[in-house]
Amino acid sequence: MKPMPSTVIRNVRPLGGAAVDVVLHDGRISALLPAGSAAPELATLVDGQGQLLLPALVESHVHFDKTLWATPWRPNSAGPTRNHRISNEHTVLKDFQVPMAERAGPLIEHCIAQGSLYFRSHLDTQTVWGLKHVQEMLALREKYRHLIELQLVAFPQGGLLIAPGTLALMEQALELGVDVVGGIDPAGIDRDPIRHLEKIFELATRYRRGIDIHLHDLGELGRWEIERIADMTEAMGLQGQVVISHAYSLGAFAPAELMPLADRLAALGISIMSCAPPNVSVPPVAMLRSRGVNVCSGSDGIRDAWSPMGSGDMLERAMLMALRFGWSKDEELEMAFDVVSQGGARALNLQAYGLDVGCQANLLLLPAENIAEAVVNRSPQRTVISRGQVVAKDGIFLVA
Ligand SMILES: [Zn+2]
């Protein structure tokens, strides 16, 4: 194959620092030079005009297969409990006229245009759908493979043990190429926490995959389950491969009570994913990070039968996290940004993520003085570069 010529992004400020020219080669950052010093004969990919340069954002928890994106507004029809919402989703999606590819595809393109190029999407793996969602999402992943990294999680939305046949579907999903083993409320939904955890850890070990478990169970019960997840992570040697999504129970305890568990999560490389919702206790992100626990974030559902909310903008998610905790100092807003960038990269075990020489040229450019202003302003004037090519500008996805 003919080698690609190098290109250059001129005059940008990585993370708000001094202006540089960024030389790109073969989809990677090959040099960072003082602004104005890159060879004039190199083709200019973007004249940055002093804009802020950020690594592409990481959407660590989304449910693309559930979305109603790109369809007419639909008033939320869900009842008050989680079981109501699960059954409402079946009713809504069962006979939905617009195929998943025509909902999730435009949503993926929208998220790219907001600056996210790395995704982890949970994917309903339950008997009510069979392998339909799995196959359709695997096809979508192929469609966008040249632009994004999309990790898929086999997610037993309807329970693993209480819905016979689900475990076999999970195995089939993993065999078909789904990346990560999911789980859900081992106590709250499956009512048999140890057996649920044993099953998902057994799957992860057998298929050599990571685990990303939804854990909404509250208070002492949820904390006890997190301790058991830590036990099994250690016993199975899955350090650095486990994410606990939501982990609301961690928000119920004073920092001193939580510290031993936080230290254990840090030592085992167990990441916590929090969307920082306003209506429930949430993990204390700053405290966890101060003990070395990695925290990432995501949109969760975007315009689906569970909720009409969600914009797919991870800068907005950083802002919502800051609002949830009352963060306003620059270093606090930088922490919120770190959660939706490096925190996601660590949780998803991304390779070559960031702005260093050798990293993938997956970049976001926008007008802002620094990271704090980027989180607060969330400028719509964004230039998104995937593997060295401009793929979106000013909110418009440009790839035919
Ligand atoms: Zn979720």
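All ligand and atom numbering here is 1-based and tracks the order in the structure. In this text the structure is predicted, and so the values were computed from the model without any measurement.
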Discussion item. Students often mix this up, so state it plainly: with edges at 30° and 60°, are the rings of H122 and H214 parallel, tilted or perpendicular?
Written reply: perpendicular
Worksheet item: For the Zn ion (ligand 1), which protein N/O/S atoms are closer than 2.8 Å?
Response: H61 NE2, H63 NE2, H214 NE2, D300 OD1
Worksheet item: Listed by chain and number, what are the side chain to side chain contact (heavy atoms under 4.5 Å, CB included) partners of A70, not counting sequence neighbours?
Response: P106
Discussion item. Enumerate the salt bridge (charged side-chain N to carboxylate O under 4.0 Å, His left out) contacts for residues 298-323, please, sequence neighbours excluded, ordered by first and then second residue.
Written reply: D313-R382
Practice prompt. Sorted by first residue and then second, give each salt bridge (charged side-chain N to carboxylate O under 4.0 Å, His left out) pair with at least one member in residues 264-285; sequence neighbours left out.
Written response: D231-R264, E234-R264
Worksheet item: Would you call R145 and E142 a salt bridge, taking side-chain N to carboxylate O under 4.0 Å as the test?
Response: yes
Fill in: Worked verdict on D65 versus R103 for salt bridge (charged side-chain N to carboxylate O under 4.0 Å, His left out)
CA-CA 8 Å; D65 61 320; R103 295 178 272 119; over 6 Å; no
